**Q** 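Have a look at this one.
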Amino acid sequence: MAAELPTFTPAGAEAYAGFAKFSGGYRASIQAMLELGIKPALRCLPQGESVKILEVGAGQGKSAWAIDTALRSQDNLPDIRIFRTEPDEKKTIAEGRAAFFSGSDTELLLPEVVAPAEVLPVAGEFVRLVVGSQVLHWMNGEQARRSFREAHRVLKDGGTLVHATSGIMNLLSYNEHHFTRHPFVLYQYLPLLEAALTRRGYWDRAKDGVFVPWNPQANPVYYRYTLADVRQWLQDAGFHHINIRMSMFPCDTKEIEARLSTNFAALEMHFFQSERLKAIPKEEKMEMAKTAFEAAKAQAPDLFASFDRQNREVTIGSVFARTSGEPVPVIVARK
Ligand SMILES: C[S@@+](CC[C@H](N)C(=O)[O-])C[C@H]1O[C@@H](n2cnc3c(N)ncnc32)[C@H](O)[C@@H]1O
């Protein structure tokens, strides 16, 4: 069905570090997928078996590269081939990829199959693992359900599904660890951002409600479903031994400043995801966000500084109390 991955040069070993520069959430995802799902599944296989992994939503191949590179540095693991699928044809355009990756030592890998996770043009019982890094929360409920049925179809018996996702999905009791729930963001920053949007006629509390990311007027993607729904849908698709564990990328003040004022992708993903807010010119959004952030920091410096007083290490499979950042649920299920 697809070409094999290239042979990696020693520089490939640096990919993981280069990749991690982009986003701590991605870094936590890869580590957690490897430790909680992929490596345990591979260790259960007979020695000498050559293993096919299918990655859905592979984008420009960062996660495929990082997983492959990390696995290659392990002893006693089988020979691995990762096949990448991605529904968005734009992601295969060279200029887009080059712009995204410039300044990184991560190598680009094209998706081999252009298809969404819910309709895979792949034979049944074809692969040992289906994996997805930071993909599931971009699907609506129906797409997620169908993708689980598809994964079940393409997996061999005893095969494993592994998804790492994000706090845009409703994490139930773990929501409190998401940085948007930290009092600095919730009670200082967001009211100031709402005031700026209101002054410019982009928000109306009486009509739109309180400006928080989980208000669909601000972000219709947030909380479309819960981790409990995911568990149920996996069960309905025929999976068993369903295990959902939380990992964590804690945010320090530098990361929070970026997410609240300078990182446009993070701002749009969390706070400006509705069509109406997306339509506001980028410079205006950046300016409102930066002004709100600076004013919030001046009003509550100690609350802001509290981001630096928490554990700063990525944790795998557990979350420290009172830690705020990007919780990463890792979903592992067996056919
Ligand atoms: C945040 S990116 C992650 C890309 C890649 N996995 C990585 O970690 O570098 C999310 C990806 O999910 C893809 N995606 C969105 N909806 C999807 C669907 N229904 N099926 C498969 N992939 C989807 C997007 O096109 C995008 O490439």
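Just so it is clear, the model here is predicted, and its values are computed rather than measured. One-based numbering along the sequence shown. Whatever order the structure lists ligands and atoms in, that order sets their numbers, starting from 1.
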**Q** Is ligand 1 less than 4.0 angstrom away from at least one heavy atom of V56?
**A** no

**Q** Under 4.0 Å from a heavy atom of E86: which atoms of ligand 1 are those, numbered in the order shown and with their elements?
**A** 13 (C), 24 (C), 25 (O), 26 (C), 27 (O)

**Q** Pull out every atom of ligand 1 sitting under 4.0 Å from any heavy atom of A58, numbered as shown with elements.
**A** 5 (C)

**Q** Sequence neighbours left out, what passes ring-ring contact (aromatic ring centres under 6.0 Å, His included) with F304? Give chain and number order.
**A** F184, F293

**Q** Please identify which atoms of ligand 1 are closer than 4.0 Å to at least one heavy atom of V135.
**A** 12 (O), 22 (N), 23 (C)

**Q** Find the distance between CD1 (I242) and CZ (F239) and round it off to the nearest 0.5 Å.
**A** 8.5 Å

**Q** If you count the atoms of ligand 1 from 1 in the order shown, which ones are under 4.0 Å from a heavy atom of E118?
**A** 18 (C), 19 (N), 20 (N)

**Q** Any side-chain donor paired with an acceptor under 3.5 Å for N175 and N170?
**A** yes

**Q** Just checking, is any N or O donor in the side chain of S133 or H163 under 3.5 Å from an acceptor N or O on the other one?
**A** no

**Q** Does an N or O anywhere in S63 fall below 3.5 Å from an N or O of ligand 1?
**A** yes

**Q** Answer with side chain, backbone, both or neither: which part of P87 has a heavy atom less than 4.0 angstrom from an atom of ligand 1?
**A** side chain

**Q** Say whether S133, considering both its backbone and side-chain N or O atoms, lies within less than 3.5 Å of an N or O atom on ligand 1.
**A** yes

**Q** Between atom CD of E118 and atom CD of E142, what is the distance when rounded to the nearest 0.5 Å?
**A** 9.0 Å

**Q** Taking the minimum heavy-atom distance to atom 6 (N) of ligand 1, which of G57, P116, G59, S29 ranks first?
**A** G57

**Q** Does F179 have any ring-ring contact (aromatic ring centres under 6.0 Å, His included) partners at least two apart in sequence or in another chain, and if so, which?
**A** H270

**Q** Taking 4.0 angstrom as the limit and counting only heavy atoms of Q134, give me the atoms of ligand 1 inside it, by number and element.
**A** 1 (C), 2 (S), 3 (C), 10 (C)

**Q** When rounded to the nearest 0.5 angstrom, what is the spacing between NZ in K335 and CG in L234?
**A** 14.0 Å

